[in-house]
Every structure is written in structure tokens, then in C-alpha cells.
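Okay, structure first, notes after.
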Amino acid sequence: MKVINVTASKNYDVIIGEGILDSLGERCVSLFGKSRAVIVTDSNVKEHWLDAAKKSLQLAGIETLVFVFSAGEDSKSKETLFELLEFAAENKITRSDFLVALGGGVTGDMTGLAASLCLRGIPFVQVPTSLLAAVDSSVGGKTAVNLNAGKNLVGAFYQPSLVLCDTNTLSTLPDEEFANGMAEIIKYGVIFDKELFDKVRGGDVKSDMENIIARCVELKRDVVAKDEFDKGDRQLLNFGHTMAHSIEKCSNFEIPHGSAVAIGMVIAARASHALGWSDEDCTAAIIEANKNNNLPCECDFAPADLADIALSDKKRTGGTINFVIPKVMGECVLKKIPVDVLYQIAEYK
Ligand code: GLY
């Protein structure tokens, strides 16, 4: 088992280990006392992990309510968010109570935002059950739902009180979901840690997930401690994401986030090398890592469409955009580029 303490506007532990879901209840009692909990989960995760989470809370003496929503990105909406808030209000949730996000990124992001809004803020616990949530979205306090105009356009920085990652939950992930999480792990390797990249580039990772997840969380802890509110270094985590958001949108969200990030990293590396911004061409290594981890490397969308969508993305500031480029493998930097240059970058798809 690994325990990593995150220092941000709230200090909290990220605990990673096999079979630790059973300890959810006792850990929550020591944080919140014998209050009440609302477990928030989706229709898929409910089948696998709800009973264990609920049993652990109840055995510890915590009265437990459950809010289940339909699995999928469509539920990351203001409608589901407000259904959850109404549910909490109808059940007279107070500021001594807490929410438990049991699931992947959609569940964690939406539950965190609900916790920030409910009675102007109640605590919440992240229990990530997808690899993507374990290595990235459950840590660092970014919460959000989507609007019609785009993804994550309404949200808050709101840190959890605990992140409890039971690596056994990865066993019920479909292969495609596992691959999506691997894209974010490859991303952490390219941005910060060549050793991590080399560990995962061959794709044979399943026996070492506790260490791999813990390393990603350490890297995220460091960047969140420096820049919780995403004004500087935290934007490095957007490596591959500028084009990824366009790819997701061009595909009507048929291409999942991790696959889009995998393609976006290849485009960013290839363009950075071709435009003379990198000291090392990282493209071939990223392609190899993607392929070995069952991730795509290219897409068929028109470069102009990809650039148009990237321009409307929220990361645009005035006439420039912060674009993440790999200097060398294991070290990325932010480069302020004129927005028009996105049209050139998209040509390297
Ligand atoms: N997922 C990127 C971040 O938390 O900043």
C-alpha cells in the first residue's frame, strides 16, 4: 500500500493498494465522525463495487444513501448535477455529511462539483475505479460538468478530503477503458519522467499497477502543490490535450478521451520537432508506447477542423495559446504560440 499526501488548499492523503475498499468506512469515520454519506456512482460501477463500498461505510456506523446515474459522458451534465443536489437536499444532507464519488472521471468530476455547491461546500471522498481517474482526475481538485458549448465549461477547484484507490477495481474495467488510462500514464512519462515512460512503453504493465499509479500521483502532487489553480506549471498536464479535445469533438465523442490524448501527443511531438521547438524527436517513442498499450496514433479529421475547434477551447488567452511541447523525453515545457500556429500544428496529424 502507498500513501501520498497532497498539499493544496486542503491537505489530504491518496491511498493506493489492493483490496483497500474495505477500509473506506473506518477511514471516513476518522475524518468525519459518524456522519451520513451519499455514494454517487454510475449504472456500470454500481454492478461491481457499490455493495462493497456501502457495506464498509455501514459497518463503520455511517448511514449511507446512494445516488445512481446512467453511465457515460452524457451524464456529466447540469441536469444530473442538479438531480444530485436535489437528492442531497431532499435527504437533508448537512455540512457534517459527505459525498463519495465511486467511479471514473465523470463521477469524480461531477460529485466534486456537487460537493462544492451543496450548502456552499461539504466534504467529498474520491474512490476512483477507472485507471484514468486513479492516475489523474481524482487527484488535484478539478471538478466540472459539460455545457452544450463544450466540455468542463462549468466547474470549480475543490479538493477532496481523501482519495482511496483500490487497484482491484481495475479488474472490472473493459480493455478500452484500461487503454484510456494508459494514455494519461504515458503522458506523465513524457512530461516529467523518462523512467516511468520506459517502464510503460512496452505495454506489459498489469503486474505493477500500484507502483505505476503511485508514481503518477506523486508527479501530480508535485505539480498541484506548485500550481493548484492552473496558472502555470499545471498546464503541462495538458500535453496532447489541445488537439485531443478537437479530436473528441470531431468524432462526436465516439473517440474516448484517452485515445484522443494518445493521438494528440503524437501530433504535438511531431509538430514540435518539425517546427524546431524540441531538442529531441519524441514522436517514434510515443507511437511505440501508444501501439503497445492498444492506443491509436492517428485520425482522419481535416486539420482545419481540428484547429478551428482548438481555437474555441477555453485555454485560449487573447491572441496566443499555451501549447505543451516535449523538449526531450521526460521534460515538457509550455510555449506561448500565436493561435494561428494551431493551423500549422494540426497539419502534423
Ligand atoms: N487533468 C489535468 C489537471 O488536473 O490539471
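Just so you know, ligand 1 is whichever comes first in the structure, and atom 1 is the first atom listed for that ligand. Residues take their numbers from the sequence shown, with the count starting at 1. On a predicted model such as this, the values are computed, not experimentally measured, just so you know.
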Cation-pi, Phe192 ring and Lys220 (6.0 angstrom, 45 degrees): no
Within-cut-off N or O pair, Lys187 and ligand 1, under 3.5 Å: no
Heavy-atom nearest neighbour in the protein, as seen from atom 1 (N) of ligand 1, with distance rounded to 0.1 Å: Asp136 OD2, 2.8 Å
Mutual orientation of the aromatic rings belonging to Phe157 and Phe229 [parallel < 30°, tilted 30-60°, perpendicular > 60°]: perpendicular
Under-4.0 Å salt bridge between Asp230 and Lys142: yes
Presence of salt bridge, Asp222 and Lys226, under 4.0 angstrom: no
For atom 5 (O) of ligand 1, the protein heavy atom that lies nearest, with its residue and separation: Arg234 NE, 2.7 Å
Cation-aromatic face contact Lys206/Phe178, 6.0 Å, 45 degrees: yes
Atom 4 (O) of ligand 1: nearest protein contact (heavy atom, Å): Lys220 NZ, 2.6 Å
Asn238, any N or O under 3.5 Å of ligand 1 N or O: no
